[in-house]
Amino acid sequence: MLYLKNVVYHPPATMTPILKEANLELAPQELGLIIGPSGSGKTTLLEIIAGLAEKTKGKIFWRDQELTSLELQQLGGLVFQFPQRHFCGSTILEELRLGHPEILSYRIKTALQEVGLEHIPLNQSPHALSGGQQRRLALAVQLIRQPNLLLLDEPTAGLDWSMRHQLAKLLAKLKGHWTLLVVSHDPGELFTIADRCWKIHQGHLVSLDTAMFKSQKSQ
Ligand SMILES: Nc1ncnc2c1ncn2[C@@H]1O[C@H](COP(=O)(O)OP(=O)(O)O)[C@@H](O)[C@H]1O
Ligand SMILES: [Mg+2]
């Protein structure tokens, strides 16, 4: 279980805090969705949960243990928005092995299977993949590390309708093994696969009823 308790983020450069007492609870194998317009603090919140930015106040717990930024870095795997911009391996295999050269090949195989990329040639450049495949590769890179929590920043941004749909299906499948927290300014099909949903409003996380979206979709 992930808990955020009164998390505040107030960098010195801003008049008002970007996050004001953000609270959240996410159970294992749930998909949490945070929506909000551009500039509302979604990426900042993910970076704090991933241990890449330091909150000003508040606490983050995994189960009953409060975690430091370093422990949060171990706990979470963050897939950036437009992850292909961060690829630095010259081949797909190199990309998957970055940071852990000792990784066993079955772990690589399993991660690729989980994202439906088991048939791609590993000696090809990651940039040769389609946009949808690049998202999947970025997910596999995180899955190899076996994080407890997968964090995804705008996973459907820039994809066409069919690729968005496929990605939502993949995330729904990954929920069987992993706990996911997704942020998006354009959630669309992500609503139907979310177990919990919040919107960021003036620095607060306001809980939304996911049952409502699902019944609206089916009408
Ligand atoms: N360290 C910082 N100092 C000043 N402003 C920041 C800092 N971090 C984020 N911001 C500002 O906070 C706002 C929210 O940013 P962001 O988290 O990227 O929003 P979103 O992902 O919802 O578009 C933006 O206006 C951004 O410029
Ligand atoms: Mg963002």
Side-chain angles (χ1 to χ4, degrees), residues 2-26 30-60 67-70 72-73 75-88 131-132 134-139 141-142 147 149-161 163-164 167-168 170-171 174 178-191 193-210 213:
L2 172 76
Y3 296 99
L4 264 68
K5 302 253 194 238
N6 299 333
V7 168
V8 176
Y9 183 70
H10 191 173
T14 62
M15 287 270 287
T16 54
I18 293 160
L19 298 170
K20 302 170 192 160
E21 303 207 340
N23 287 287
L24 168 157
E25 270 184 47
L26 188 65
E30 275 190 340
L31 189 148
L33 173 65
I34 299 174
I35 62 171
S38 189
S40 57
K42 301 181 300 298
T43 297
T44 305
L45 181 62
L46 278 192
E47 286 175 353
I48 290 171
I49 299 174
L52 303 178
E54 194 65 60
K55 57 188 165 16
T56 313
K57 272 191 208 159
K59 294 180 173 180
I60 303 178
L67 300 187
T68 63
S69 297
L70 211 62
L72 287 169
Q73 287 173 25
L75 179 87
L78 173 60
V79 180
F80 293 105
Q81 180 175 13
F82 305 120
Q84 67 278 12
R85 292 181 189 166
H86 305 271
F87 286 157
C88 43
Q134 290 179 340
R135 299 290 160 99
R136 287 165 188 262
L137 176 63
L139 259 168
V141 166
Q142 292 306 319
L149 180 65
L150 264 177
L151 303 163
L152 294 104
D153 196 355
E154 308 276 0
T156 53
L159 298 181
D160 68 21
W161 179 85
M163 284 199 292
R164 288 175 66 111
L167 198 96
L170 171 62
L171 297 185
L174 290 177
W178 312 86
T179 307
L180 293 99
L181 186 62
V182 179
V183 307
S184 176
H185 75 283
D186 178 20
E189 49 280 90
L190 297 173
F191 276 131
I193 60 167
D195 301 294
R196 299 188 193 216
C197 186
W198 301 265
K199 87 174 168 192
I200 298 198
H201 183 67
Q202 297 179 344
H204 293 277
L205 285 176
V206 181
S207 179
L208 301 176
D209 183 3
T210 54
F213 300 123

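Each residue takes its place number in the sequence, starting with 1. One-based numbering, in listed order, for ligands and for the atoms of each.
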| task | Supply the atom-to-atom distance Ile60 CD1 to Asn6 CG, rounded to the nearest 0.5 angstrom. | result | 11.5 Å
| request: Establish whether atom 27 (O) of ligand 1 and some protein heavy atom are separated by less than 4.0 angstrom. | output: no
| field | Over 12 non-hydrogen atoms of neighbours within 6.0 angstrom of NE2 in His201 | value | no
| Is ligand 1 under 4.0 Å from a heavy atom in the side chain of Pro11, in the backbone, in both, or in neither? | side chain
| message | side chain to side chain contact (heavy atoms under 4.5 Å, CB included), that's the test. Do Leu78 and Phe80 meet it? Break it down for me. | response | CA-CA 6 Å; Leu78 173 60; Phe80 293 105; 3.8 Å; yes
| said: Minimum heavy-atom separation for Gly41 and Leu19, please, with both atom names. | reply: O-CD2, 4.1 Å
| query | Any idea which heavy atoms bring Pro187 and Leu33 closest together, and the distance? | reply | CB-CD2, 4.1 Å
| said: If I take atom CG from residue Leu205 and atom CD1 from residue Ile35, how far apart are they, to the nearest 0.5 angstrom? | reply: 11.0 Å
| Set of residues satisfying side chain to side chain contact (heavy atoms under 4.5 Å, CB included) with respect to Gln134, sequence neighbours excluded | Gln84, Phe87, His127, Leu129
| Heavy-atom pair of closest approach, residues Lys42 and Ile34 | CD-O, 4.1 Å
| field | Where ligand 1 meets Thr44 - atom numbers and elements under 4.0 angstrom, heavy-atom basis | value | 9 (C), 15 (O), 16 (P), 17 (O)
| request: For atom 22 (O) of ligand 1, find the nearest protein heavy atom and state the residue, atom name and distance (0.1 Å precision). | output: Lys42 NZ, 2.7 Å
| What is the closest protein heavy atom to atom 19 (O) of ligand 1, and at what distance does it sit? | Gly41 N, 3.1 Å
| message | Considering non-hydrogen atoms of the protein only, which is the closest contact for atom 1 (N) of ligand 1, and what is the distance? | response | Tyr9 OH, 3.1 Å
| query | What protein N/O/S atoms sit under 2.8 Å from the Mg ion (ligand 2), by chain and number? | reply | Thr43 OG1
| Atom indices of ligand 1, in the order listed, that fall short of 4.0 Å to a heavy atom of Thr14 | 4 (C), 5 (N)
| In terms of atom number and element, which parts of ligand 1 are under 4.0 angstrom from non-hydrogen atoms of Ser38? | 23 (O)
| contact_flag Pro37 ligand 1 heavy-atom lt 4.0 Å | yes
| Backbone, side chain, both or neither: what part of Ile18 comes under 4.0 angstrom of ligand 1, heavy atoms only? | side chain
| Closest non-hydrogen protein atom to atom 20 (P) of ligand 1, residue and atom name please, with distance? | Gly39 N, 3.5 Å
| query | Roughly how far, to the nearest 0.5 Å, is the CG atom of Leu70 from the CD atom of Gln73? | reply | 5.5 Å
| Ile49/Leu149 under side chain to side chain contact (heavy atoms under 4.5 Å, CB included): CA gap, chis, key distance, verdict | CA-CA 10 Å; Ile49 299 174; Leu149 180 65; 3.8 Å; yes
| query | Counting each atom of ligand 1 from 1 as listed, which ones have a heavy atom of Ser40 under 4.0 Å away? | reply | 19 (O), 20 (P), 22 (O)
| Please walk me through it: do Thr14 and His10 pass side chain to side chain contact (heavy atoms under 4.5 Å, CB included)? | CA-CA 7 Å; Thr14 62; His10 191 173; 3.4 Å; yes
| field | Residue and atom name of the nearest protein heavy atom (relative to atom 18 (O) of ligand 1), distance in Å to one decimal | value | Thr43 CB, 3.7 Å
| request: Mind listing the closest non-hydrogen atom pair of Pro147 and Leu150 along with its distance? | output: CG-CD2, 4.3 Å
